[in-house]
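Take a look at the structure below.
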Amino acid sequence: MPIVVDIDVMLARRKMSVGELADRVGITPANLAVLKNGRAKAVRFATLAALCEVFQCQPGDLLRWEAEDAAGG
């Protein structure tokens, strides 16, 4: 998928666990794992806003676009 979610990077920078982030954002650890591992099909703006509030960052710090290679698409 060409959209990459960098929650792992932010967690490492903040020395925060997935469980702590899930509690602070208000979602289950399982749903956070789906988002973190790039398996989510969508993300609610409210969830994105909560992540940005917890991390004190911009949405672009969490999401980035990468072109898919032509062979592996």
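Values below: every heavy atom of this structure, side chains too, minus hydrogens, waters and symmetry copies. Given the structure is predicted, the values throughout are model-derived calculations rather than measurements.
- Contact of the Glu68 side chain with the Pro2 side chain is registered, since non-hydrogen atoms from C-beta on lie closer than 4.5 Å.
- A search for side chain to side chain contact (heavy atoms under 4.5 Å, CB included) contacts involving Asn37 returns Ala33, Arg39, not counting sequence neighbours.
- With contacts defined as side-chain heavy-atom distances shorter than 4.5 Å, the pair Leu35/Ile7 qualifies.
- In plain terms, the two heavy atoms of Cys52 and Pro59 that are nearest each other are SG-N, 3.5 Å.
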Open item on the list: Show, in sequence, the C-alpha distance, side-chain angles and deciding distance for Leu21 and Leu32, and conclude whether the side chain to side chain contact (heavy atoms under 4.5 Å, CB included) test is met.
Closed with: CA-CA 8 Å; Leu21 178 61; Leu32 182 58; 3.7 Å; yes
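- No donor-acceptor pair closer than 3.5 Å links the side chain of Asp23 to the backbone N or O of Glu20.
- The minimum heavy-atom distance between Trp65 and Ile3, with the atom names listed, is CD1-CD1, 3.9 Å.
- If you take SG on Cys57 and CZ on Arg14, they are separated by 6.5 Å, rounding to the nearest 0.5 Å.
- Under the rule for a side chain to side chain contact (heavy atoms under 4.5 Å, CB included), the partners of Thr28 that lie at least two apart in sequence or sit in another chain are Ala30, Asn31.
- In the hydrophobic clustering of this structure, Leu48 does not group with Val34; members are Ile, Leu, Val, Met, Phe, Trp, Tyr whose side-chain heavy atoms approach within less than 4.5 Å, directly or through other members.
- Proximity of Met16 to Met10: side-chain heavy atoms (C-beta onward) are nowhere separated by under 4.5 Å.
- Judged as a salt bridge (Lys or Arg N to Asp or Glu O under 4.0 Å), and not counting sequence neighbours, the contacts of Asp6 are Arg64.
- Put simply, the side chain of Val9 does not reach to within 4.5 Å of the side chain of Leu62, judged on heavy atoms.
- For Glu53, there are no salt bridge (Lys or Arg N to Asp or Glu O under 4.0 Å) partners two or more places apart in sequence or in a different chain.
- The side-chain heavy atoms of Val43 and Val5, taken from C-beta on, include no pair separated by under 4.5 Å.
- Not counting sequence neighbours, the partners of Arg44 by the side chain to side chain contact (heavy atoms under 4.5 Å, CB included) test are Thr47.
- With sequence neighbours left out, Asp8 forms a salt bridge (Lys or Arg N to Asp or Glu O under 4.0 Å) with Lys36.
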